[in-house]
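Values reported hereafter were calculated over all heavy atoms of this structure, with side chains retained and with hydrogens, waters and symmetry mates removed.
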Amino acid sequence: MHPRLHYFSLISTDKLNHRFGANFHVGPASRKVLGTTLALLSAKVRPVVVSALIPYRRGTSYSSIERIERIPYVRLFALGRGAFRRLTASVSFLFYTISVVRSNDAVLLYNAFPEYILAAFYRFLIGHRAILDVEDGPRVDERGPRGAMNIISFHILRALCDQKVVTVSKALAETLKLTKYHVNYGVSFQTRNSKPPTERFRADAPLSILYGGAIMPETGSDLFCKAVRQLADNHPKLRVTFHITGVYDSTFLEGLRLNQPNDCETEIIVHGDLTAAEYNALLRSMDVGLCLKLPSHSMGQTTFPSKVVEICAAGVLLCTTRVSDVPDIFDDNNAVVLKNEEVDELVGAIANICHNKEEMQHRAHCGRLMVEHRFGVTKVGSDLRAFIFAESPVTQPLAAGST
């Protein structure tokens with residue numbers, strides 16, 4: 001009998017939003033969870049995604065079982081908003097754990113959300129502890145009730161869960177002083193319908209660059225705005241089109257305004273809120289994908305940008321800061337790795353890409369081959385299965401790519 005794993009998370013998808021009349025978009029987390037579960041499925045594990053993100057609404061079932069790809073998705077009951085929704089969700093996770101999860105099943109908790117505490121406490125009492133998947137470590141600069149709740153929840157779950165931890169980077173594992181851990185950077189899928197290599201970096205076409213995700217100063221919004229304006233000022237004849245999507249505020253859009261003559265070749269296209277399918281189609285059509293999370297900021301020190309794997313997996317050239325474990329994975333053979341967080345460095349990198357498209361096409365190809373080798377479905381699944389279901393104690397840290 002193949003082992004069973006229950007992956008507790010707070011994710012949604014386009015299909016589920018449509019099914020329940022909701023509007024929750026947690027793209028990076030959803031892609032990471034679903035990619036990981038598909039990898040585990042390839043390793044002959046029976047994964048189940050369990051979530052309580054979408055609250056109960058009149059006309060919908062209290063809980064339901066859907067199917068995403070080939071993965072069962074259990075939508076648990078949750079009601080209301082804020083603290084009350086968290087409370088009802090935590091009770092649902094507890095009842096699910098008591099009534100569905102068997103003693104020899106594994107329970108993996110995506111991040112240290114307080115909704116998991118009751119279920120983790122029950123597993124602790126029966127002697128079958130859950131395993132934490134730490135994607136975002138606690139940040140000392142988070143203020144107010146939300147920041148305090150995140151820190152308290154993390155420490156409670158660390159005490160209740162198993163000593164071995166799945167984590168997002170070696171840098172975070174070292175910061176948290178973990179001794180038994182496995183790094184899961186993400187999963188590379190061979191993307192269908194991507195732009196063929198011969199259609200990327202065409203000499204007769206503008207360079208298309210994607211900047212998306214949660215756009216804020218910590219993820220490089222100020223750096224990006226200054227670089228776009230400087231590029232337009234100093235290199236007006238470079239044909240560059242920036243595509244923007246994700247979550248941002250009006251301040252960011254205001255910072256992107258260009259006061260350039262009509263012959264300036266810098267163009268900005270804002271796509272707004274995209275579905276997962278629309279985002280994937282946009283990504284596959286790009287030449288370059290930006291990851292500008294700042295290493296100097298605490299967010300850059302407590303997580304890892306999984307987008308770097310999905311950008312390369314789509315055959316798109318990655319242009320990234322040296323955040324977290326990025327320098328351990330990428331170099332100037334398979335990506336464009338910025339030396340610092342300065343505006344001149346980013347502008348120079350974009351200009352260099354424009355002037356050396358053939359070389360950059362080769363780098364993008366090498367990046368795709370590398371992530372398919374290191375983070376392919378089969379490898380990620382087999383490594384995770386060996387770590388989670390190990391019968392003997394793990395005495396040495398296991399990182400992605402370990403055997």
Side-chain angles (χ1 to χ4, degrees), residues 1-13 15-17 19-22 24 26 29-30 33-34 36-38 40-41 43-133 153-154 156-166 384-385 388-389 391:
M1 180 71 68
H2 299 324
R4 187 164 66 161
L5 178 138
H6 306 264
Y7 203 171
F8 288 11
S9 62
L10 295 176
I11 67 165
S12 184
T13 66
K15 175 183 175 182
L16 294 169
N17 282 329
R19 164 79 170 80
F20 295 107
F24 294 99
V26 281
S30 297
V33 168
L34 296 177
T36 299
T37 51
L38 285 170
L40 286 167
L41 186 67
K44 296 183 171 31
V45 175
R46 294 179 296 154
V48 181
V49 175
V50 186
S51 184
L53 177 66
I54 302 178
Y56 164 78
R57 287 185 173 84
R58 187 182 302 276
T60 68
S61 57
Y62 277 81
S63 61
S64 62
I65 300 176
E66 309 293 325
R67 189 166 287 273
I68 306 174
E69 300 276 345
R70 294 166 289 163
I71 306 298
Y73 177 103
V74 178
R75 168 192 173 264
L76 296 179
F77 171 72
L79 185 65
R81 296 184 177 183
F84 187 69
R85 190 202 65 79
R86 289 184 180 273
L87 178 62
T88 57
S90 65
V91 173
S92 291
F93 277 116
L94 173 62
F95 277 110
Y96 177 88
T97 304
I98 294 173
S99 59
V100 177
V101 181
R102 296 190 289 266
S103 60
N104 60 338
D105 290 349
V107 175
L108 188 61
L109 309 180
Y110 184 87
N111 266 334
F113 293 111
E115 287 90 328
Y116 307 147
I117 290 177
L118 290 179
F121 181 65
Y122 173 76
R123 294 288 289 181
F124 173 82
L125 289 179
I126 65 173
H128 298 280
R129 297 190 181 197
I131 298 174
L132 265 180
D133 178 0
S153 176
F154 174 81
I156 291 175
L157 287 169
R158 276 291 287 133
L160 294 175
C161 291
D162 198 292
Q163 288 187 8
K164 63 183 180 182
V165 177
V166 176
L384 270 173
R385 172 173 175 154
I388 293 172
F389 295 98
E391 296 180 355

For the side chain of [X] and the backbone of [Y], is there at least one donor-acceptor N/O pair under 3.5 Å apart?
{"X": "R123", "Y": "A130", "result": "no"}
{"X": "H128", "Y": "S103", "result": "yes"}
{"X": "Y122", "Y": "I98", "result": "no"}
{"X": "R4", "Y": "D105", "result": "no"}
{"X": "S30", "Y": "S12", "result": "yes"}

Considering non-hydrogen atoms only, spot the tightest contact between [X] and [Y] and give its length.
{"X": "I388", "Y": "L5", "result": "CD1-CD1, 3.7 Å"}
{"X": "F93", "Y": "L76", "result": "CD2-CD1, 3.5 Å"}
{"X": "I11", "Y": "V33", "result": "CD1-CG1, 3.8 Å"}

Side chain to side chain contact (heavy atoms under 4.5 Å, CB included) partners for R129, two or more places apart:
F124, D162
Non-neighbouring partners of F77 that pass ring-ring contact (aromatic ring centres under 6.0 Å, His included), sequence neighbours left out
Y56, Y62
Kindly compute the distance separating OG (S51) from OH (Y73), expressed to the nearest 0.5 Å.
3.5 Å
Spatial distance of atom SG (C161) from atom CD1 (I131) [nearest 0.5 Å]:
8.5 Å
Pairwise side chain to side chain donor-acceptor pair (under 3.5 Å) hits with a residue in residues 79-88, at least two apart:
R85-E115, R86-E115
Y7 vs D133, side-chain hydrogen bond (donor to acceptor under 3.5 Å, both in side chains): CA-CA, chis, key distance, verdict:
CA-CA 9 Å; Y7 203 171; D133 178 0; 2.4 Å; yes
